[in-house]
Amino acid sequence: MILDKYPAVLQAVPGGKILLTTTDDFINLGRKYSIWPLTFGLACCAIEMMAAYASRFDFDRLGVIPRPSPRQADLMIIAGTFVKKMAAPVREIYHQMPEPRFVIAMGSCANCGGPFHDAYSVVKGVDKVIPVDVYIPGCPPRPEALIYGVMELQKKIMRMKLAKGGGATLQAEKGSRDPAGGA
Amino acid sequence: MTREKVLSDILAQVPGASAAAAPVKDYPTVRLSQPSDLPTAARLLKDELGFDYLEMVTAVDWLGPTKTEGFLPAVTPIPFAAKAPALPVTPAAGPDIAYRPVLDLLWSFGNLKTHLKVFLRLEVSREKPEVPSLTGLFPAADWQERETFDLFGVRFSGHPNLTKILTPDFLQGHPLLKDYVHQPDEFDAD
């Protein structure tokens with residue numbers, strides 16, 4: 001019964017056969033189960049990301065299907081070492097994605113520079129360039145950790161409100177995005 | 001053709017060349033005495049000895065550590081430049097390698113028929129490192145020389161497009177030089 005599956009989202013009219021929900025909940029439910037990430041890997045974390053897409057871990061069951069174009073993507077997984085020369089292309093790709101758009105920083109390098117923190121060529125965290133919704137620690141994180149990160153993002157999506165911001169993600173140039181989510 | 005024959009041919013035909021005291025692994029390694037010998041040696045290798053494959057162009061900065069921070073306590077105090085090394089050097093470097101203010105340039109040539117490999121070494125000054133480009137003989141030298149220029153600041157005279165290839169445009173200096181000082185940029189703030 002669908003009511004058992006989504007108790008907080010859907011409610012039945014007493015005695016009737018009509019399901020009621022709010023616009024926020026309905027739209028967020030759709031967004032939550034169709035997160036399409038950009039096919040985009042920078043270094044070794046991308047190998048774990050590919051494993052998460054493949055049959056053993058099966059990202060598809062969460063509605064996570066990689067897309068080849070930023071125009072079709074909701075989520076950008078920064079999987080790997082983020083070098084300074086890559087900063088401008090990543091910023092451009094991020095702004096090519098339609099709202100609402102989300103970013104997951106996967107692994108130590110994307111979080112803070114990781115083992116390359118003192119290197120001349122590595123950005124000390126992808127949040128210096130674009131806003132980040134979820135940080136996943138690990139070097140590299142296992143596919144389970146990435147799946148958990150996407151589940152945390154799903155929780156965040158369920159807190160989004162259509163009012164005022166029209167469902168768009170919080171406007172921020174960079175840094176960690178407000179954990180409350182939504183505008 | 002054997003490696004001994006290759007080595008003796010180069011030593012006989014290139015003036016000022018000597019067998020390097022520090023060979024690269026156990027490959028025949030020739031140390032050139034001045035930059036102008038490089039095109040002579042490369043042309044000899046390509047046209048007469050059949051080494052038609054330029055595998056690698058790179059450099060070593062033998063200045064030694066210029067600061068103590070970042071090293072494990074076991075190896076401090078650091079012997080500074082121009083002193084004999086107390087640190088273990090790599091087996092390939094050999095016992096005659098000491099820290100000294102030079103850039104050691106390295107070329108690797110391969111012969112795809114006989115499966116032989118030859119290395120050329122050439123020391124240039126750190127102040128004004130300049131050597132002739134091999135792009136006329138080996139098109140593959142193009143990006144390799146740009147990389148060596150980008151990371152070590154070696155000028156390859158005659159190169160058609162000697163510009164940065166790896167580091168971003170705003171990065172000042174040549175990062176693989178031992179005395180490189182990093183200028184913090186917008187991506188370094190903590």
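Proteins get letters first, then strands, A, B, ... in listed order; numbering begins at 1 in each. These values consider heavy atoms only, across backbone and side chains, with no hydrogens, waters or symmetry-generated copies. Predicted model only: the values in this text are computed from it and were never measured.
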ILVMFWY network linking [X] to [Y], side-chain heavy atoms under 4.5 angstrom:
| X | Y | answer |
| --- | --- | --- |
| A:M151 | A:W36 | no |
| B:L177 | B:L171 | yes |
| B:W107 | B:I165 | yes |
| B:L45 | B:L137 | yes |
| B:F170 | A:V123 | yes |

Inter-residue atom distance A:K85.NZ - B:L166.CG, 0.5 Å rounding: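 Result: 6.5 Å between the selected atoms.
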
Part of B:D185 lying under 4.5 Å from any heavy atom of chain A: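 It is the side chain, since no backbone atom gets that close.
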
Salt bridge (Lys or Arg N to Asp or Glu O under 4.0 Å) between B:D188 and A:K128, worked out: CA-CA 9 Å; B:D188 286 327; A:K128 301 269 187 295; over 6 Å; no

Segment of A:V129 engaging chain B (4.5 angstrom heavy-atom cut-off):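 Contact with chain B: side chain only.
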
Check against side chain to side chain contact (heavy atoms under 4.5 Å, CB included), A:Y120 and B:L176: CA-CA 10 Å; A:Y120 60 90; B:L176 290 195; 4.3 Å; yes

